[in-house]
There are 2 protein chains.
Amino acid sequence: MESQDLRKAGLKVTLPRLKVLEILEKTEQRHMSAEDVYKSLLEMGEEIGLATVYRVLTQFEDAGLVARLSIDGGHAVFELEDGIHHDHLLCVRCNRIEEFTDDVIEERQRAIAKQKGFQMTDHALYIYGICTECQ
Amino acid sequence: MESQDLRKAGLKVTLPRLKVLEILEKTEQRHMSAEDVYKSLLEMGEEIGLATVYRVLTQFEDAGLVARLSIDGGHAVFELEDGIHHDHLLCVRCNRIEEFTDDVIEERQRAIAKQKGFQMTDHALYIYGICTECQ
DNA sequence: CTATAAATGAGAAGGGTTTTCATTTAATAT
DNA sequence: ATATTAAATGAAAACCCTTCTCATTTATAG
């Protein structure tokens, strides 16, 4: 019951928000741009404006329900937040996105931030390459 | 003599290109946006169009003379390519950018790409935080 | 059930970047 | 040196993704 999540975040339970959540949960892409979400909504017959999709996704991000990936200066993609930090591998040919976690890298990052006197707030690691299918 | 570098890259030696190179070499910022470069040109009395600055920076990137950092969905910044791979720490308050290299992380990245069957072409690691000055 | 603050849709506006196209310039051949 | 030609430039328009504006609608608290 995700209405609870919305209320907890101080957000009214509205149809656009429920539908966006539903799409993020049902998609097998896992990583969707605002445009992707918007099109999926249209496909399921929901006439929700693109501006609303952007607003809702940003609110979800603030609420910790989704994570935003800012890929290489291009458009952002969103993924449902599962609480487990992970980084990304991106196929430069087909745009497939794969996830991974690596404790060694996480640890090194903390050490580097500390050494440089930075209070780390976040980090992002993208490995670009050509995936198995595309080679 | 950087005219050689331009010719080697198949680029004509023109005043805009020489001036942009000069600015990137002289700046103590090291990381400059296209707008930064454009403004520096104006300050030194060179009336070079912003579109040209973008074009030149992109050509320099293709030629391997500069590297482009795509920071968090915002604007791009450019740095003179020194051949030594490094990653970046970014202060979320003052936008200061610091560099670091870490062989352990480099090695782990290669291992992960291999394990996932990716032919790695590039990678980007950004650590966001609050720098010493801003804490 | 009413009041009210929040959410929505549509379109305009925004920021950074790229494109278009006419003009200028560097490099090449004469 | 000069003419030729392909490349580079400037200015403005176009672009893409995203955010804002504002009038209208809707969820929630009283």
Side-chain angles (χ1 to χ4, degrees), chain A residues 1-23 31-42 44-63 65-78 95, chain B residues 1-23 31-42 44-63 65-78 95:
Chain A
M1 204 88 269
E2 49 284 298
S3 307
Q4 307 311 322
D5 296 324
L6 295 178
R7 274 191 252 271
K8 237 181 288 174
L11 299 172
K12 287 186 183 176
V13 178
T14 63
L15 191 132
R17 302 215 252 239
L18 289 172
K19 290 298 175 187
V20 170
L21 261 190
E22 189 182 327
I23 282 172
H31 298 93
M32 301 184 84
S33 68
E35 194 80 33
D36 291 338
V37 173
Y38 174 67
K39 283 181 188 155
S40 294
L41 286 167
L42 287 185
M44 61 195 279
E46 301 293 343
E47 303 251 333
I48 293 168
L50 182 55
T52 298
V53 173
Y54 273 104
R55 269 188 296 239
V56 167
L57 287 170
T58 302
Q59 292 157 347
F60 285 2
E61 185 190 10
D62 293 342
L65 298 173
V66 309
R68 176 196 302 254
L69 313 189
S70 296
I71 297 173
D72 217 21
H75 55 180
V77 300
F78 299 84
N95 296 316
Chain B
M1 205 89 264
E2 49 285 298
S3 307
Q4 307 311 322
D5 296 325
L6 295 178
R7 276 191 251 271
K8 236 181 289 176
L11 299 171
K12 285 186 184 176
V13 178
T14 64
L15 191 134
R17 303 216 252 238
L18 288 172
K19 290 298 174 188
V20 170
L21 261 189
E22 187 182 328
I23 282 172
H31 298 94
M32 300 183 86
S33 67
E35 193 80 32
D36 291 337
V37 173
Y38 174 66
K39 283 181 187 153
S40 294
L41 287 166
L42 288 185
M44 60 194 279
E46 301 293 343
E47 304 250 333
I48 292 169
L50 182 55
T52 298
V53 172
Y54 274 104
R55 269 187 296 238
V56 167
L57 287 171
T58 302
Q59 292 156 346
F60 285 2
E61 185 191 9
D62 293 342
L65 297 174
V66 308
R68 175 195 303 254
L69 312 188
S70 297
I71 297 173
D72 218 21
H75 57 181
V77 299
F78 299 84
N95 296 315

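Below, chains carry the letters A, B, ... as their sequence lines are ordered, and counting in each starts from 1.
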Practice task
Return the value, rounded to whole Å, for the distance between atom CG of A/Leu42 and atom C1' of C/dG9.
Solution key: 13 Å

Exercise for the section: Just do the side chain to side chain contact (heavy atoms under 4.5 Å, CB included) check on B/Arg68 and B/Thr58 with the steps written out, would you? Expected result: CA-CA 8 Å; B/Arg68 175 195 303 254; B/Thr58 302; 3.2 Å; yes

Completion exercise
Closest non-hydrogen atoms of A/Val13 and A/Arg7, given as atom of the first, atom of the second and distance, are CG2-NH1, 3.6 Å

Practice task
Measure from CG on A/Leu18 to C1' on C/dA7 and round the result to the nearest Å.
Solution key: 13 Å

Exercise for the section: Please report, rounded to the nearest Å, how far the P atom of D/dA8 is from the CG atom of B/Asp62. Expected result: 12 Å

Practice task
Identify the two heavy atoms, one from A/Tyr38 and one from A/Leu50, that lie closest to each other, and give their separation to 0.1 Å.
Solution key: CE1-N, 3.5 Å

Exercise for the section: Of all the heavy-atom pairs spanning A/Val66 and A/Phe78, show the shortest one and how long it is. Expected result: CG2-CD2, 4.1 Å

Problem - Test item: A/Leu18 and A/Leu6 side chains (from C-beta on) under 4.5 Å apart, heavy atoms - result: yes

Practice task
Please state how far atom NZ in A/Lys19 lies from atom P in D/dA27, giving the value in whole angstrom units.
Solution key: 14 Å

Problem - Pair A/Arg55-A/Thr52, side-chain donor/acceptor within less than 3.5 Å - result: yes

Exercise for the section: Go through the steps to decide whether B/His75 and B/Glu35 satisfy the test side chain to side chain contact (heavy atoms under 4.5 Å, CB included), and finish with yes or no. Expected result: CA-CA 10 Å; B/His75 57 181; B/Glu35 193 80 32; over 6 Å; no

Exercise for the section: Report the distance from atom CD1 of B/Ile48 to atom P of D/dA11, rounded to the nearest whole Å. Expected result: 11 Å

Handout entry: Option from B/Val37, B/Thr14, B/Leu15 for which side-chain contact (heavy atoms from CB on, under 4.5 Å) with B/Ile48 holds
Key = B/Leu15

Exercise for the section: Could you pull out the closest heavy-atom pair between B/Asp36 and B/His31, with the gap in Å? Expected result: OD2-O, 4.4 Å

Handout entry: Gap between atoms CG and P, on A/Leu41 and C/dA10 respectively (whole Å)
Key = 13 Å

Fill in the blank from the handout: Computed from five pairs at either end and rounded to 10 degrees, the angle between the axes of the helix from C/dC1-D/dG30 to C/dT30-D/dA1 is 30°

Exercise for the section: Between protein and nucleotides 17-30 of chain C, map the contacts as a letter string: B base, S sugar-phosphate only, - none, heavy atoms under 4.0 Å, written 5' to 3'. Expected result: SBBB-----BS---

Completion exercise
note: A/Gln59, atom CD; D/dC20, atom P; distance rounded to Å ~ 12 Å

Exercise for the section: Can you tell me the distance, in whole Å, between the CG atom of B/Leu57 and the P atom of D/dT9? Expected result: 12 Å

